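Everything numeric here is computed off the predicted structure, so don't read it as measured data.
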Amino acid sequence: GSWCPAPLCRGPALPRPPPGPACAIGRPLRGASSFSQAGPTESDPSEGQVFLSESCVKRLLEITEGSEFLRLQVEGGGCSGFQYKFSLDTVINPDDRQGQRGGARVVVDVDSLAFVKGSMVDFSQELIRSSFQVVSNPQAEKGCSCGTSFSVKF
């Protein structure tokens, strides 16, 4: 048929040919399949990534030695359903993903990453306490006042 000039759309494969713009679907899909290949392919900047604030980097460089890094995990619990857990670690597991900035490293396992991708890890110093915390998490619906617990958008 003459309904779609692009070679990507072949008339007979579809029961009823959609209007013209639908044939553009073929192109982005083809590009997206190269996403999963290993190697430094450019992907969405927030896809599976955690960012480090300057105060987080500064504090990590003060407290980590040698091969130590900050591990961020998400666990069930807390007052909002999920909570962030920070610890210093030296062992990288096969399902870990790393983020780094200025020599400071944060490692997140794949399961936890689904809950924190695109968010920022910050080090906050207040009068009564200082702590690492996750700020501006695009996956979280609402946090609690303690800053360690959150619920997830569905």
pair Ile92-Gln98: side-chain heavy atoms closer than 4.5 Å =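 They are in contact (side-chain heavy atoms under 4.5 Å apart), so the answer is yes.
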Pairwise side-chain contact, Val134 with Phe86, heavy-atom cut-off 4.5 Å (strictly under) |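 Yes, side chains in contact.
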How far apart are the closest heavy atoms of [X] and [Y], and which atoms are they?
{"X": "Val57", "Y": "Gly102", "answer": "CG1-O, 4.2 Å"}
{"X": "Leu113", "Y": "Gln49", "answer": "CD1-N, 4.4 Å"}
{"X": "Asp96", "Y": "Arg71", "answer": "OD2-NH2, 2.8 Å"}
{"X": "Cys56", "Y": "Val121", "answer": "CB-O, 3.3 Å"}
{"X": "Ser112", "Y": "Gln73", "answer": "OG-CA, 3.6 Å"}
{"X": "Arg105", "Y": "Ser67", "answer": "NH2-O, 3.0 Å"}

Nearest 0.5 angstrom please: [X] [atom1] to [Y] [atom2], how far?
{"X": "Leu52", "Y": "Asp122", "atom1": "CG", "atom2": "CG", "value": "10.0 Å"}
{"X": "Ser124", "Y": "Gln133", "atom1": "OG", "atom2": "CD", "value": "4.5 Å"}
{"X": "Phe115", "Y": "Gln139", "atom1": "CZ", "atom2": "CD", "value": "9.5 Å"}
{"X": "Thr64", "Y": "Leu70", "atom1": "OG1", "atom2": "CG", "value": "9.0 Å"}

Residues two or more places apart in sequence or in another chain: which of them pass salt bridge (Lys or Arg N to Asp or Glu O under 4.0 Å) with Glu75?
->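 Once residues adjacent in sequence are excluded, the partners of Glu75 under the salt bridge (Lys or Arg N to Asp or Glu O under 4.0 Å) criterion are Lys85.
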Between the main-chain N or O of Val108 and the side-chain N or O of Arg97, is there a donor-acceptor pair closer than 3.5 Å?
->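 No: the side chain of Arg97 does not pair with the backbone of Val108.
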Carefully, step by step, assess Leu88 and Ile63 under the rule side-chain contact (heavy atoms from CB on, under 4.5 Å).
-> CA-CA 9 Å; Leu88 289 181; Ile63 64 173; 4.3 Å; yes
Audit row: Val106, Phe69, side-chain contact (heavy atoms from CB on, under 4.5 Å) steps and yes/no | CA-CA 6 Å; Val106 170; Phe69 52 80; over 6 Å; no
Would the number of heavy atoms belonging to other residues, nucleotides or ligands and lying under 6.0 Å from CD of Glu126 be above 12?
->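 Count over threshold, so yes.
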Steps toward side-chain contact (heavy atoms from CB on, under 4.5 Å) verdict (Tyr84, Leu72) | CA-CA 7 Å; Tyr84 304 115; Leu72 165 58; 4.2 Å; yes
Return the set of residues passing side-chain contact (heavy atoms from CB on, under 4.5 Å) with Asp95 (not counting sequence neighbours), or none when no residue passes.
->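 Listed in chain order: Asn93, Asp109, Val110.
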List in chain and number order the residues that pass side-chain contact (heavy atoms from CB on, under 4.5 Å) with Gln125, two or more places apart in sequence or in another chain; answer none if no residue qualifies.
->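 Gln125 satisfies side-chain contact (heavy atoms from CB on, under 4.5 Å) with Phe123, Ser130 once adjacent residues are dropped.
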State whether Glu62 and Lys58 are salt-bridged, where the test is any N-O pair (Lys NZ or Arg NE/NH1/NH2 against Asp/Glu carboxylate O) under 4.0 Å.
->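 Here Glu62 pairs with Lys58 in a salt bridge, since their nearest N and O are under 4.0 Å apart.
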